Amino acid sequence: MIPKFCETLAESGKPSPISFIFVAEMKKEMEKPNRIIIAIDGHSGCGKSTVAKELAKRLGYIYIDTGAMYRTVTLFALRNGLAADKKVDEPGLIARMGEVNIEFRFNPKTLQNETYLNGENVEEEIRQLPVANHVSPVATIKEVRAAMVKLQQKMGENKGIVMDGRDIGTVVFPNAELKIFMTASPEVRAQRRYDELTEKGQTVDFNEILQNVMERDRIDSSRAASPLKQADDALLLDNSHISREEQFRWVLEKAEKRIGK
Ligand code: DC
């Protein structure tokens with residue numbers, strides 16, 4: 001059975017032959033036994049989403065980017081005058097959380113899920129610096145976290161999911177069958193981000209990016225609500241000095257072992 005939110009993913013946008021194929025493929029996959037939950041946590045900018053996306057694609061699982069959810073709440077706060085100068089009006093945002101509707105919709109052209117805020121595609125905007133500069137304080141708010149965790153648990157209720165974030169293996173799915181904790185040095189992560197943005201034609205300052213990476217690490221690891229930490233039963237993957245291919249082989253091998261292939 002296809003979970004409700006997948007139907008929304010597939011049915012959103014204009015129906016196309018590709019989205020029907022996607023639904024049919026997903027349905028086949030969902031009927032396979034031994035579907036598991038794969039939780040990928042770790043520091044900002046160490047490539048969690050790349051690994052998670054590739055893994056989900058290979059296994060025929062659903063990929064959920066939970067960072068995108070916190071980014072979307074942050075965008076809502078910025079647009080409504082509830083965040084500015086790296087400060088957030090916490091009571092104001094908590095009071096208006098009911099107005100935040102987050103969805104992932106499947107884009108048949110890119111074959112990727114994209115993030116929507118109240119029906120508007122915000123996938124690009126949530127990746128920009130204003131959101132990056134305000135997302136950590138938003139993610140420290142316990143009421144915001146409770147709402148996101150609830151939504152994430154619903155998305156994973158049928159298993160067959162790869163979810164990446166900071167608290168997936170510790171809070172969202174403490175019983176996930178496979179937990180991976182990813183990291184890389186701050187300099188390596190800042191360099192990768194710098195290369196990615198300059199390739200897109202943006203003019204950015206390396207030091208500003210490095211500061212942003214280190215500041216996010218500090219806030220993510222020291223906040224009171226669900227701080228970033230490696231779950232006791234998570235496997236550690238430091239990818240500072242390994243290639244994307246090596247990393248993917250490693251992750252796939254662990255996943256297949258847990259699935260029992
Ligand atoms: O993965 P990302 O960089 O897109 O995450 C954006 C921010 O959201 C980051 O500061 C950490 C926070 N986050 C979180 O607190 N819990 C999650 N499960 C995912 C992200």
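Each residue takes its place number in the sequence, starting with 1. Just so it is clear, the structure is predicted and the values come from calculations on it, not from any experiment. Whatever order the structure lists ligands and atoms in, that order sets their numbers, starting from 1.
Checking Tyr194 against Asp205 by side-chain atom types alone, no donor-acceptor pair falls below 3.5 Å.
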Contacts table for residues 47-56: side-chain donor-acceptor under 3.5 angstrom, sequence neighbours left out:
unit_1: Lys48; atom_1: NZ; unit_2: Gly42; atom_2: O; d: 3.3
unit_1: Lys48; atom_1: NZ; unit_2: His43; atom_2: O; d: 2.7
unit_1: Glu54; atom_1: OE2; unit_2: Arg244; atom_2: NH2; d: 3.0

Quiz: residues 217-229 side-chain donor-acceptor pairs under 3.5 angstrom, not counting sequence neighbours:
unit_1: Asp217; atom_1: OD1; unit_2: Arg189; atom_2: NH1; d: 3.1
unit_1: Asp217; atom_1: OD2; unit_2: Arg189; atom_2: NH1; d: 3.4
unit_1: Asp217; atom_1: OD2; unit_2: Arg189; atom_2: NH2; d: 2.7
unit_1: Arg218; atom_1: NE; unit_2: Glu215; atom_2: OE1; d: 3.4
unit_1: Arg218; atom_1: NH2; unit_2: Glu215; atom_2: OE2; d: 3.1
unit_1: Asp220; atom_1: OD2; unit_2: Arg166; atom_2: NE; d: 3.3
unit_1: Ser221; atom_1: OG; unit_2: Asp217; atom_2: O; d: 2.8
unit_1: Ser222; atom_1: OG; unit_2: Arg218; atom_2: O; d: 2.6
unit_1: Arg223; atom_1: NE; unit_2: Ala225; atom_2: O; d: 2.8
unit_1: Arg223; atom_1: NE; unit_2: Ser226; atom_2: O; d: 3.0
unit_1: Arg223; atom_1: NH2; unit_2: Ser226; atom_2: O; d: 2.8

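Applying the salt bridge (Lys or Arg N to Asp or Glu O under 4.0 Å) test to residues at least two apart or on different chains, the pairs with a partner in residues 72-85 are Arg79-Glu120, Arg79-Glu125.
A donor-acceptor pair under 3.5 Å links the side-chain atoms of Glu177 to the main chain of Ile37, judged by distance alone. The backbone N or O of Gln230 lies less than 3.5 Å from no partner atom in the side chain of Asp41, so there is not a single donor-acceptor pair.
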Output, or 'none' if empty, a list of ligand 1-protein atom pairs in which both atoms are N or O and the distance is under 3.5 Å, rounded to 0.1 Å.
unit_1: ligand 1; atom_1: 1 (O); unit_2: Arg166; atom_2: NH1; d: 3.0
unit_1: ligand 1; atom_1: 1 (O); unit_2: Arg166; atom_2: NH2; d: 3.3
unit_1: ligand 1; atom_1: 3 (O); unit_2: Arg71; atom_2: NH2; d: 3.2
unit_1: ligand 1; atom_1: 3 (O); unit_2: Arg166; atom_2: NH2; d: 3.2
unit_1: ligand 1; atom_1: 3 (O); unit_2: Arg216; atom_2: NH1; d: 3.0
unit_1: ligand 1; atom_1: 4 (O); unit_2: Arg71; atom_2: NE; d: 2.7
unit_1: ligand 1; atom_1: 4 (O); unit_2: Arg71; atom_2: NH2; d: 3.3
unit_1: ligand 1; atom_1: 5 (O); unit_2: Arg166; atom_2: NH2; d: 3.4
unit_1: ligand 1; atom_1: 10 (O); unit_2: Ser136; atom_2: OG; d: 3.1
unit_1: ligand 1; atom_1: 10 (O); unit_2: Asp220; atom_2: OD1; d: 3.3
unit_1: ligand 1; atom_1: 15 (O); unit_2: Arg145; atom_2: NH1; d: 2.8
unit_1: ligand 1; atom_1: 15 (O); unit_2: Arg145; atom_2: NH2; d: 3.4
unit_1: ligand 1; atom_1: 15 (O); unit_2: Arg223; atom_2: NH1; d: 2.8
unit_1: ligand 1; atom_1: 15 (O); unit_2: Arg223; atom_2: NH2; d: 3.1
unit_1: ligand 1; atom_1: 16 (N); unit_2: Arg145; atom_2: NH2; d: 3.0
unit_1: ligand 1; atom_1: 18 (N); unit_2: Thr66; atom_2: OG1; d: 3.0
unit_1: ligand 1; atom_1: 18 (N); unit_2: Arg166; atom_2: N; d: 3.2
unit_1: ligand 1; atom_1: 18 (N); unit_2: Asp167; atom_2: OD1; d: 2.9

